[in-house]
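Read through the structure below, which is laid out as structure tokens, and then see the notes.
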There are 2 protein chains.
Amino acid sequence: MTTPRTARALARETLTREILDAARARLGTEGPAGLSLRAVARDVGMVSSAVYRYFPSRDALLTALLLETYGELGDAVEAAEGAVARDDLGGRWLAACRALRAWCVEHPGDFALLYGTPVPGYAAPRDTVEPATRVVRVLVRIVGDAHAAGARPAPGPDGVAEPADLVADALAFVVAHGLVAPDAPTEAVVRTLMAWTELFGTVSFELFGHLTGTVGDYARWFDHVAARLAADLGIAVRL
Amino acid sequence: MTTPRTARALARETLTREILDAARARLGTEGPAGLSLRAVARDVGMVSSAVYRYFPSRDALLTALLLETYGELGDAVEAAEGAVARDDLGGRWLAACRALRAWCVEHPGDFALLYGTPVPGYAAPRDTVEPATRVVRVLVRIVGDAHAAGARPAPGPDGVAEPADLVADALAFVVAHGLVAPDAPTEAVVRTLMAWTELFGTVSFELFGHLTGTVGDYARWFDHVAARLAADLGIAVRL
DNA sequence: CAAAACCGAGAGCGGTGCTCTCGCTTCGCC
DNA sequence: GGCGAAGCGAGAGCACCGCTCTCGGTTTTG
């Protein structure tokens with residue numbers, strides 16, 4: 001990455017940035033499906049073919065956007081959660097959840113790119129997996145700390161824990177990615193993954209309009225969802 | 001709708017069907033974003049402009065697809081739930097949830113149309129709202145019956161019910177659409193809406209690839225989510 | 001049986017992703 | 001300093017897209 005600071009390299013850097021910024025701006029207004037490389041080129045004052053000097057294809061541009069966007073969301077959630085006292089587990093959980101929703105609501109286009117319908121022909125490369133797991137990693141860490149502090153999830157549907165092999169399925173990935181220590185409370189991890197999907201499901205329903213008319217105050221609605229999930233994990237949240 | 005059965009009207013009917021079928025077939029392979037009216041026209045052996053005799057715009061075709069698809073999902077869920085003994089509340093809940101997921105997994109393209117990123121310029125007309133509520137209506141009905149049978153949702157995060165005005169927000173819509181009787185258990189209704197979002201959030205994460213590597217057996221994972229949600233609503237589910 | 005309505009085909013508009021070629025500028029190296 | 005190589009932006013062109021309009025031919029209607 002330490003390219004020589006020649007005039008050309010410098011220009012390339014700034015132009016790459018300009019293209020990415022223009023693309024993200026368009027993403028906010030048109031959505032991922034309508035992301036037009038030609039329009040982006042026009043926005044930065046180029047002809048469309050010139051953009052291909054910087055991104056070999058539309059998919060490559062998409063990948064760069066994915067990486068950048070996952071990173072930004074991860075930053076936001078980690079920063080919000082990190083600003084809360086370590087022993088305030090409910091506060092950390094709520095801060096992480098609220099930061100998550102806030103970012104998504106402020107960047108609906110980016111949210112659609114990350115959590116909406118996948119672009120048909122496009123498969124996200126491997127190196128997007130790590131940035132994509134940052135949010136859930138924060139959640140798992142909070143729950144892990146809570147477990148260490150004695151918190152226990154509510155009993156399962158029939159009063160017993162989730163089956164061991166279901167837990168193993170989910171846990172294998174989490175441990176493999178270093179999200180959590182191998183001796184983590186397995187059931188809590190599974191519940192956290194379920195909570196993660198509910199959080200994003202709620203945001204998805206909000207942003208995609210499936211709750212219009214049903215819910216008045218989305219922020220409060222989301223807070224209650226987050227609080228319920230926390231309670232289910234044995235973490236007390238004061239709204 | 002009782003158009004005279006002239007040769008022309010008959011031909012129009014079958015051709016409209018053929019176009020819709022071709023569009024849904026393409027939806028399954030390309031996804032909603034890549035739905036090309038020209039390609040659909042080719043599939044039914046027409047030139048693209050001829051399709052406009054049947055649907056005045058791509059959006060109109062989209063609306064027709066929405067109506068049909070919501071209807072099909074509603075049919076599937078209602079049929080599955082209706083086949084279970086009325087007093088077997090856990091069975092009804094599980095049947096509805098499983099039918100919901102099964103349909104989505106079998107029709108990923110249609111699912112993306114209904115619950116994925118909204119098409120940028122397109123706003124679904126009013127008459128898609130009613131068909132869109134059929135699934136949640138089934139869920140609310142089960143929970144209502146459970147309430148009548150004495151089931152009570154688990155206590156809220158801090159041991160108290162959800163705030164009354166949050167409940168009122170959500171309930172207003174539900175009652176306005178005749179989803180539930182005005183004297184319904186308000187808190188249970190709110191919880192049901194939350195459960196509804198989690199069910200579709202789980203399917204969304206499954207189909208959009210956010211759980212790849214994390215969850216091995218999606219069906220069992222989903223069953224556990226459904227069972228947990230039921231337990232939270234005071235409904236016992238045997239897996 | 002004629003007028004009106006409907007229908008399919010085709011051309012055409014401006015847009016898209018992407019490829020290739022063509023000059024020009026900048027770079028690295030001797 | 002000079003020179004070949006590499007990088008760059010512009011433009012033309014390909015096949016595709018949604019959509020409009022016109023033009024003959026068919027069917028329906030009064």
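Every chain is numbered from 1 and lettered A, B, ... according to where its sequence line falls, protein lines coming before strand lines. What you see is a predicted model; the values in this text were computed from it and never measured.
For A:Arg53, whose side chain is taken as the heavy atoms from C-beta onward, the closest listed nucleotide among D:dG11, D:dC8, C:dC7 is D:dC8. For A:Thr6, whose side chain is taken as the heavy atoms from C-beta onward, the closest listed nucleotide among C:dC27, C:dC7, D:dA10 is C:dC27.
Between A:Arg12 and the phosphate of D:dC8, there is a side-chain N or O to OP1/OP2 separation shorter than 4.0 Å.
For the pair B:Arg134 and B:Asp75, the salt-bridge criterion is met [side-chain N within less than 4.0 Å of a carboxylate O]. We find that A:Glu130 and A:Arg137 are joined by a salt bridge, their nearest charged nitrogen and carboxylate oxygen being less than 4.0 Å apart. A salt bridge links B:Arg24 to B:Glu68: one of the charged nitrogens lies within less than 4.0 Å of a carboxylate oxygen.
The aromatic rings of B:Phe111 and B:Phe200 sit parallel to each other, their planes meeting at less than 30°, with 60° as the upper class boundary. Relative ring orientation between B:His210 and B:Phe205 is described as tilted, the plane-to-plane angle lying within the 30° to 60° band.
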>> I'd like to compare against my own output: the B/S/- annotation of nucleotides 12-18 of chain C with a strict under-4.0 Å heavy-atom distance to protein.
In response: B---BBB
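Note on A:Tyr54: only backbone sugar-phosphate atoms sit closer than 4.0 angstrom, heavy atoms only; bases stay farther off. Backbone-only contact: A:Leu15 has heavy atoms under 4.0 Å from sugar-phosphate atoms and none from a base.
Remark: C1' of D:dC17 and CG of B:Leu61 are 15 Å apart, rounded to the nearest angstrom. Distance B:Glu18 CD to C:dG8 C1': 14 Å, rounded to the nearest Å. B:Met46 places its CE atom 15 Å from the P atom of D:dG18, with the value rounded to the nearest Å. Going from atom CZ of A:Phe55 over to atom C1' of C:dT19 covers 19 Å, rounded to whole Å. One atom, CZ of B:Arg8, and another, P of C:dC6, lie 8 Å apart when rounded to the nearest Å.
A donor-acceptor pair under 3.5 Å is absent between the side-chain atoms of B:Trp221 and the main chain of B:Gly216, judged by distance alone.
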